[in-house]
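Data first, discussion second: the structure below is written as C-alpha coordinates.
All chains are named by letter (A, B, ...) in the order of the sequence lines, taking the proteins before the strands, and each is independently numbered beginning at 1.
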Number of protein chains: 2
Amino acid sequence: MLEIKPTQALRLWREVHLDLVRDTQADLSVRQTAILLTIYLELPPHTVRGLAARLGVTKPVITRALDSMGKLGLVSRKRDEYDKRNVVIQRTVAGALAVEHLADLVTARARELGSA
Amino acid sequence: MLEIKPTQALRLWREVHLDLVRDTQADLSVRQTAILLTIYLELPPHTVRGLAARLGVTKPVITRALDSMGKLGLVSRKRDEYDKRNVVIQRTVAGALAVEHLADLVTARARELGSA
DNA sequence: CGATAATGATACGGCCCCGTAACGATCCGG
DNA sequence: CCGGATCGTTACGGGGCCGTATCATTATCG
(Lines give C-alpha, C1' and ligand atoms only; values in the text may rest on other atoms or scores of the structure.)
Protein backbone atom coordinates (compact mmCIF):
# COMPACT_ATOMS: atom_id res chain seq x y z
CA MET A 1 0.00 0.00 0.00
CA LEU A 2 1.60 3.19 -1.23
CA GLU A 3 0.08 6.60 -0.76
CA ILE A 4 0.81 9.00 -3.58
CA LYS A 5 -0.97 12.21 -4.56
CA PRO A 6 -2.04 12.91 -8.15
CA THR A 7 0.42 15.78 -8.52
CA GLN A 8 3.24 13.61 -7.23
CA ALA A 9 2.26 10.84 -9.59
CA LEU A 10 2.44 13.15 -12.60
CA ARG A 11 5.73 14.67 -11.58
CA LEU A 12 7.19 11.21 -11.01
CA TRP A 13 5.93 10.02 -14.38
CA ARG A 14 7.34 13.06 -16.12
CA GLU A 15 10.77 12.96 -14.52
CA VAL A 16 11.28 9.29 -15.28
CA HIS A 17 10.15 9.80 -18.86
CA LEU A 18 12.59 12.66 -19.24
CA ASP A 19 15.31 10.34 -17.99
CA LEU A 20 14.25 7.68 -20.49
CA VAL A 21 14.34 10.16 -23.36
CA ARG A 22 17.84 11.25 -22.43
CA ASP A 23 19.01 7.63 -22.12
CA THR A 24 19.90 7.42 -25.80
CA GLN A 25 19.60 3.66 -25.77
CA ALA A 26 16.31 2.25 -24.63
CA ASP A 27 13.34 3.56 -26.57
CA LEU A 28 10.90 0.78 -25.91
CA SER A 29 7.25 1.30 -26.74
CA VAL A 30 4.53 1.07 -24.14
CA ARG A 31 3.76 -2.46 -25.32
CA GLN A 32 7.36 -3.56 -25.23
CA THR A 33 7.82 -2.18 -21.75
CA ALA A 34 4.75 -4.01 -20.51
CA ILE A 35 6.03 -7.23 -22.07
CA LEU A 36 9.52 -6.87 -20.68
CA LEU A 37 8.31 -6.20 -17.16
CA THR A 38 5.83 -9.04 -17.30
CA ILE A 39 8.60 -11.43 -18.27
CA TYR A 40 10.83 -10.24 -15.45
CA LEU A 41 8.22 -9.88 -12.72
CA GLU A 42 5.92 -12.82 -13.23
CA LEU A 43 6.80 -16.44 -12.68
CA PRO A 44 8.06 -18.41 -15.69
CA PRO A 45 7.44 -20.09 -17.98
CA HIS A 46 6.29 -17.44 -20.45
CA THR A 47 4.89 -18.21 -23.88
CA VAL A 48 3.85 -16.07 -26.81
CA ARG A 49 0.24 -17.01 -26.39
CA GLY A 50 0.32 -16.46 -22.65
CA LEU A 51 1.80 -12.99 -22.97
CA ALA A 52 -0.65 -12.07 -25.72
CA ALA A 53 -3.58 -13.05 -23.52
CA ARG A 54 -2.03 -11.35 -20.49
CA LEU A 55 -1.66 -8.05 -22.33
CA GLY A 56 -4.79 -8.27 -24.43
CA VAL A 57 -2.93 -8.03 -27.75
CA THR A 58 -2.52 -10.31 -30.76
CA LYS A 59 0.26 -12.87 -31.07
CA PRO A 60 2.16 -11.09 -33.85
CA VAL A 61 2.61 -8.16 -31.49
CA ILE A 62 4.41 -10.45 -29.07
CA THR A 63 6.47 -12.11 -31.78
CA ARG A 64 7.65 -8.78 -33.13
CA ALA A 65 8.36 -7.40 -29.68
CA LEU A 66 10.44 -10.47 -28.91
CA ASP A 67 12.28 -10.01 -32.21
CA SER A 68 13.26 -6.44 -31.47
CA MET A 69 13.98 -6.97 -27.79
CA GLY A 70 15.97 -10.04 -28.73
CA LYS A 71 18.15 -7.92 -31.00
CA LEU A 72 18.74 -5.66 -28.01
CA GLY A 73 19.66 -8.73 -25.96
CA LEU A 74 16.87 -8.12 -23.44
CA VAL A 75 15.24 -11.53 -23.84
CA SER A 76 15.84 -14.83 -25.63
CA ARG A 77 13.71 -17.63 -26.99
CA LYS A 78 13.90 -21.40 -26.78
CA ARG A 79 11.72 -24.18 -28.17
CA ASP A 80 9.89 -26.17 -25.55
CA GLU A 81 11.27 -29.72 -25.84
CA TYR A 82 8.16 -31.36 -24.44
CA ASP A 83 5.73 -29.58 -26.74
CA LYS A 84 7.64 -28.36 -29.74
CA ARG A 85 4.87 -26.00 -30.74
CA ASN A 86 5.61 -23.82 -27.74
CA VAL A 87 8.36 -21.26 -27.39
CA VAL A 88 9.66 -20.47 -23.93
CA ILE A 89 10.78 -16.89 -23.37
CA GLN A 90 13.87 -16.59 -21.25
CA ARG A 91 15.46 -13.79 -19.30
CA THR A 92 18.95 -12.51 -20.01
CA VAL A 93 21.60 -10.71 -18.01
CA ALA A 94 21.22 -7.58 -20.12
CA GLY A 95 17.47 -7.66 -19.65
CA ALA A 96 17.77 -8.02 -15.90
CA LEU A 97 20.15 -5.07 -15.83
CA ALA A 98 17.79 -2.93 -17.89
CA VAL A 99 14.90 -3.73 -15.56
CA GLU A 100 17.05 -2.98 -12.55
CA HIS A 101 18.08 0.31 -14.11
CA LEU A 102 14.47 1.26 -14.58
CA ALA A 103 13.78 0.48 -10.94
CA ASP A 104 16.67 2.74 -9.97
CA LEU A 105 15.28 5.58 -12.06
CA VAL A 106 11.83 5.35 -10.54
CA THR A 107 12.98 5.05 -6.94
CA ALA A 108 15.49 7.87 -7.32
CA ARG A 109 12.91 10.22 -8.83
CA ALA A 110 10.37 9.28 -6.21
CA ARG A 111 12.81 10.14 -3.47
CA GLU A 112 13.27 13.63 -4.94
CA LEU A 113 9.57 14.43 -4.93
CA GLY A 114 8.32 17.21 -2.70
CA SER A 115 5.00 16.75 -0.92
CA ALA A 116 3.10 19.17 -3.19
CA MET B 1 9.84 12.92 -0.45
CA LEU B 2 8.33 9.56 -1.33
CA GLU B 3 9.75 6.26 -0.17
CA ILE B 4 9.33 3.46 -2.64
CA LYS B 5 11.15 0.14 -2.88
CA PRO B 6 12.64 -1.10 -6.17
CA THR B 7 10.20 -4.01 -6.36
CA GLN B 8 7.27 -1.70 -5.78
CA ALA B 9 8.55 0.68 -8.42
CA LEU B 10 8.70 -2.08 -11.02
CA ARG B 11 5.28 -3.45 -10.16
CA LEU B 12 3.81 0.05 -10.33
CA TRP B 13 5.47 0.69 -13.68
CA ARG B 14 4.24 -2.59 -15.06
CA GLU B 15 0.65 -2.27 -13.91
CA VAL B 16 0.26 1.21 -15.28
CA HIS B 17 1.80 0.17 -18.59
CA LEU B 18 -0.61 -2.73 -18.79
CA ASP B 19 -3.44 -0.27 -18.24
CA LEU B 20 -2.06 1.97 -20.98
CA VAL B 21 -1.85 -0.93 -23.41
CA ARG B 22 -5.46 -1.87 -22.73
CA ASP B 23 -6.57 1.74 -23.12
CA THR B 24 -7.07 1.37 -26.84
CA GLN B 25 -6.71 5.07 -27.39
CA ALA B 26 -3.52 6.66 -26.15
CA ASP B 27 -0.40 5.09 -27.53
CA LEU B 28 1.98 7.98 -27.03
CA SER B 29 5.68 7.36 -27.34
CA VAL B 30 8.07 8.03 -24.49
CA ARG B 31 9.02 11.34 -26.12
CA GLN B 32 5.42 12.39 -26.62
CA THR B 33 4.56 11.55 -23.04
CA ALA B 34 7.47 13.60 -21.76
CA ILE B 35 6.42 16.52 -23.95
CA LEU B 36 2.77 16.34 -22.93
CA LEU B 37 3.55 16.24 -19.22
CA THR B 38 6.06 19.05 -19.52
CA ILE B 39 3.45 21.23 -21.16
CA TYR B 40 0.89 20.48 -18.48
CA LEU B 41 3.16 20.57 -15.45
CA GLU B 42 5.55 23.42 -16.15
CA LEU B 43 4.64 27.07 -16.25
CA PRO B 44 3.74 28.53 -19.66
CA PRO B 45 4.64 29.83 -22.11
CA HIS B 46 6.04 26.82 -23.99
CA THR B 47 7.80 27.06 -27.32
CA VAL B 48 9.16 24.49 -29.74
CA ARG B 49 12.70 25.54 -29.07
CA GLY B 50 12.19 25.59 -25.32
CA LEU B 51 10.74 22.10 -25.25
CA ALA B 52 13.49 20.80 -27.52
CA ALA B 53 16.13 22.14 -25.18
CA ARG B 54 14.25 20.92 -22.11
CA LEU B 55 14.08 17.38 -23.43
CA GLY B 56 17.43 17.30 -25.18
CA VAL B 57 15.97 16.52 -28.61
CA THR B 58 15.91 18.29 -31.97
CA LYS B 59 13.20 20.73 -33.02
CA PRO B 60 11.61 18.51 -35.66
CA VAL B 61 10.89 15.99 -32.94
CA ILE B 62 8.83 18.61 -31.12
CA THR B 63 7.11 19.82 -34.28
CA ARG B 64 6.09 16.33 -35.24
CA ALA B 65 4.96 15.48 -31.72
CA LEU B 66 2.81 18.61 -31.68
CA ASP B 67 1.38 17.62 -35.06
CA SER B 68 0.30 14.20 -33.89
CA MET B 69 -0.83 15.29 -30.45
CA GLY B 70 -2.68 18.16 -32.08
CA LYS B 71 -4.60 15.68 -34.22
CA LEU B 72 -5.55 13.91 -31.01
CA GLY B 73 -6.68 17.23 -29.56
CA LEU B 74 -4.22 17.05 -26.69
CA VAL B 75 -2.52 20.38 -27.41
CA SER B 76 -2.89 23.34 -29.75
CA ARG B 77 -0.59 25.93 -31.30
CA LYS B 78 -0.79 29.67 -31.70
CA ARG B 79 1.57 32.22 -33.25
CA ASP B 80 3.11 34.61 -30.75
CA GLU B 81 1.80 38.04 -31.73
CA TYR B 82 4.74 39.91 -30.25
CA ASP B 83 7.39 37.81 -31.95
CA LYS B 84 5.85 36.13 -34.92
CA ARG B 85 8.70 33.68 -35.23
CA ASN B 86 7.56 31.96 -32.06
CA VAL B 87 4.78 29.48 -31.62
CA VAL B 88 3.08 29.24 -28.27
CA ILE B 89 1.89 25.79 -27.28
CA GLN B 90 -1.42 25.80 -25.48
CA ARG B 91 -3.25 23.32 -23.32
CA THR B 92 -6.65 21.91 -24.22
CA VAL B 93 -9.52 20.43 -22.29
CA ALA B 94 -8.93 17.01 -23.81
CA GLY B 95 -5.24 17.20 -22.94
CA ALA B 96 -5.97 18.14 -19.36
CA LEU B 97 -8.38 15.23 -19.09
CA ALA B 98 -5.80 12.82 -20.50
CA VAL B 99 -3.20 13.99 -18.01
CA GLU B 100 -5.67 13.71 -15.19
CA HIS B 101 -6.56 10.21 -16.32
CA LEU B 102 -2.91 9.23 -16.21
CA ALA B 103 -2.63 10.60 -12.70
CA ASP B 104 -5.63 8.49 -11.70
CA LEU B 105 -4.05 5.37 -13.15
CA VAL B 106 -0.79 5.87 -11.29
CA THR B 107 -2.35 6.73 -7.95
CA ALA B 108 -4.82 3.86 -8.17
CA ARG B 109 -2.11 1.31 -8.99
CA ALA B 110 0.13 2.70 -6.27
CA ARG B 111 -2.63 2.25 -3.74
CA GLU B 112 -2.94 -1.42 -4.66
CA LEU B 113 0.72 -2.20 -4.11
CA GLY B 114 1.67 -4.56 -1.33
CA SER B 115 4.78 -3.83 0.71
CA ALA B 116 6.87 -6.56 -0.92
C1' DC C 1 18.14 49.77 -45.66
C1' DG C 2 20.76 45.12 -46.02
C1' DA C 3 23.17 41.27 -43.90
C1' DT C 4 22.80 38.11 -40.24
C1' DA C 5 20.56 35.42 -36.78
C1' DA C 6 16.75 32.91 -34.91
C1' DT C 7 12.34 30.38 -35.09
C1' DG C 8 9.44 26.73 -36.50
C1' DA C 9 8.16 23.87 -40.49
C1' DT C 10 9.16 20.78 -44.23
C1' DA C 11 11.53 17.14 -47.35
C1' DC C 12 13.89 13.03 -47.61
C1' DG C 13 15.37 8.28 -46.81
C1' DG C 14 15.22 4.89 -43.46
C1' DC C 15 13.41 2.03 -39.90
C1' DC C 16 9.88 0.09 -36.78
C1' DC C 17 5.22 -1.01 -35.47
C1' DC C 18 0.40 -2.15 -36.34
C1' DG C 19 -3.76 -5.47 -37.63
C1' DT C 20 -5.38 -8.98 -40.61
C1' DA C 21 -4.76 -13.03 -42.90
C1' DA C 22 -2.32 -16.81 -44.07
C1' DC C 23 1.38 -20.30 -43.26
C1' DG C 24 4.34 -24.51 -41.62
C1' DA C 25 5.13 -27.31 -37.68
C1' DT C 26 3.42 -29.99 -34.02
C1' DC C 27 0.13 -32.36 -31.15
C1' DC C 28 -4.03 -35.03 -30.36
C1' DG C 29 -8.34 -37.81 -30.77
C1' DG C 30 -10.87 -41.20 -33.13
C1' DC D 1 -2.98 -43.01 -39.64
C1' DC D 2 -5.23 -38.78 -40.58
C1' DG D 3 -8.15 -34.65 -40.07
C1' DG D 4 -8.59 -30.98 -36.94
C1' DA D 5 -6.88 -27.99 -33.38
C1' DT D 6 -3.06 -25.30 -31.48
C1' DC D 7 1.32 -22.95 -31.51
C1' DG D 8 4.37 -19.38 -33.17
C1' DT D 9 5.80 -17.06 -37.36
C1' DT D 10 5.59 -14.64 -41.62
C1' DA D 11 3.55 -11.69 -45.49
C1' DC D 12 1.20 -7.65 -46.77
C1' DG D 13 -0.34 -2.93 -46.93
C1' DG D 14 -0.49 1.11 -44.19
C1' DG D 15 1.05 4.48 -41.01
C1' DG D 16 4.26 6.83 -37.64
C1' DC D 17 8.65 8.42 -35.87
C1' DC D 18 13.52 9.32 -36.43
C1' DG D 19 17.80 12.47 -37.73
C1' DT D 20 19.78 15.50 -41.05
C1' DA D 21 19.52 19.09 -44.02
C1' DT D 22 17.05 22.76 -45.85
C1' DC D 23 13.36 26.21 -46.12
C1' DA D 24 10.32 30.56 -45.43
C1' DT D 25 9.29 33.93 -42.16
C1' DT D 26 10.43 37.23 -38.85
C1' DA D 27 13.50 39.89 -35.89
C1' DT D 28 17.82 42.35 -34.96
C1' DC D 29 21.69 45.22 -35.52
C1' DG D 30 25.10 47.95 -37.86
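- Each of B:Asp67 and A:Val61 was assigned the nucleotide of DNA chain C with the nearest heavy atom; the assignment lying further toward the 5' end belongs to B:Asp67.
- If you check every strand for non-hydrogen atoms under 4.0 Å, A:Ser29 touches nothing.
- Rounded to whole angstrom, the span from the CG atom of A:Leu28 across to the C1' atom of D:dC18 amounts to 16 Å.
- The CG-P distance, from A:Leu66 to D:dG8, rounds to 10 Å in whole Å.
- Using bins of under 30°, 30° to 60° and over 60° for the plane-to-plane angle, the ring pair A:Trp13/B:His17 lands in the tilted bin.
- Atoms CG and CG, from A:Leu28 and A:Leu20 in turn, are 9.0 Å apart once rounded to the nearest 0.5 Å.
- For D:dG8, the OP1/OP2 oxygens have no side-chain nitrogen or oxygen of A:Thr63 closer than 4.0 Å.
- Between the CG atom of B:Leu55 and the C1' atom of D:dC18 there is a distance of 15 Å, given to the nearest Å.
- Near-neighbour residues of DNA chain D inside residues 41-50 of chain A, defined by a heavy atom below 4.0 Å, number-ordered: A:Thr47, A:Val48, A:Arg49.
- Under the side-chain hydrogen bond (donor to acceptor under 3.5 Å, both in side chains) criterion, A:Arg31 pairs with B:Asp27, sequence neighbours left out.
- For A:Asp83, the side-chain hydrogen bond (donor to acceptor under 3.5 Å, both in side chains) partners are A:Arg85, not counting sequence neighbours.
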Taking only distance into account, with no hydrogens and no angle test, what donor-acceptor pairs under 3.5 Å do side-chain atoms of residues 68-76 of chain A form with protein atoms, sequence neighbours excluded?
unit_1, atom_1, unit_2, atom_2, d
A:Ser68, OG, A:Gln32, NE2, 2.9
A:Ser68, OG, A:Arg64, O, 3.2
A:Ser68, OG, A:Ala65, O, 3.1

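- Protein atom NZ of A:Lys59 is 15 Å distant from nucleotide atom C1' of D:dA11, rounded to whole Å.
- Annotation for A:Arg49: atom CZ does not count as buried by contact number, only 12 or fewer foreign heavy atoms lying within 6.0 Å.
- Position along DNA chain D of the nearest nucleotide to B:Pro60 versus B:Lys71 favours B:Lys71 as the more 5'-ward residue.
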Per-nucleotide protein contact string for nucleotides 22-30 of chain D, where B marks a base within reach and S marks sugar-phosphate only (heavy atoms under 4.0 Å, - for neither): ----BS---

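- The base of D:dG19 is paired with the side chain of B:Arg64 by a donor and an acceptor separated by under 3.5 Å.
- Interface limits on DNA chain C: the 5'-most and 3'-most nucleotides within less than 4.0 Å of chain A heavy atoms are C:dC17 to C:dC27.
- In this structure, the side chain of B:His46 does not engage the main chain of B:Ile89 through any donor-acceptor pair within 3.5 Å.
- No donor-acceptor pair closer than 3.5 Å links the side chain of B:Arg14 to the backbone N or O of A:Thr38.
- The distance from the CG atom of A:Asp80 to the OG1 atom of A:Thr47 is 9.5 Å, given to the nearest 0.5 Å.
- To the nearest 0.5 Å, atoms CD (B:Glu3) and OG1 (A:Thr107) are separated by 9.0 Å.
- Checking side-chain atoms of B:Arg79 against main-chain N and O of B:Lys84 turns up a donor-acceptor pair under 3.5 Å.
- Contact between the side-chain N/O atoms of A:Arg77 and the OP1/OP2 oxygens of D:dT9 is found at a separation under 4.0 Å.
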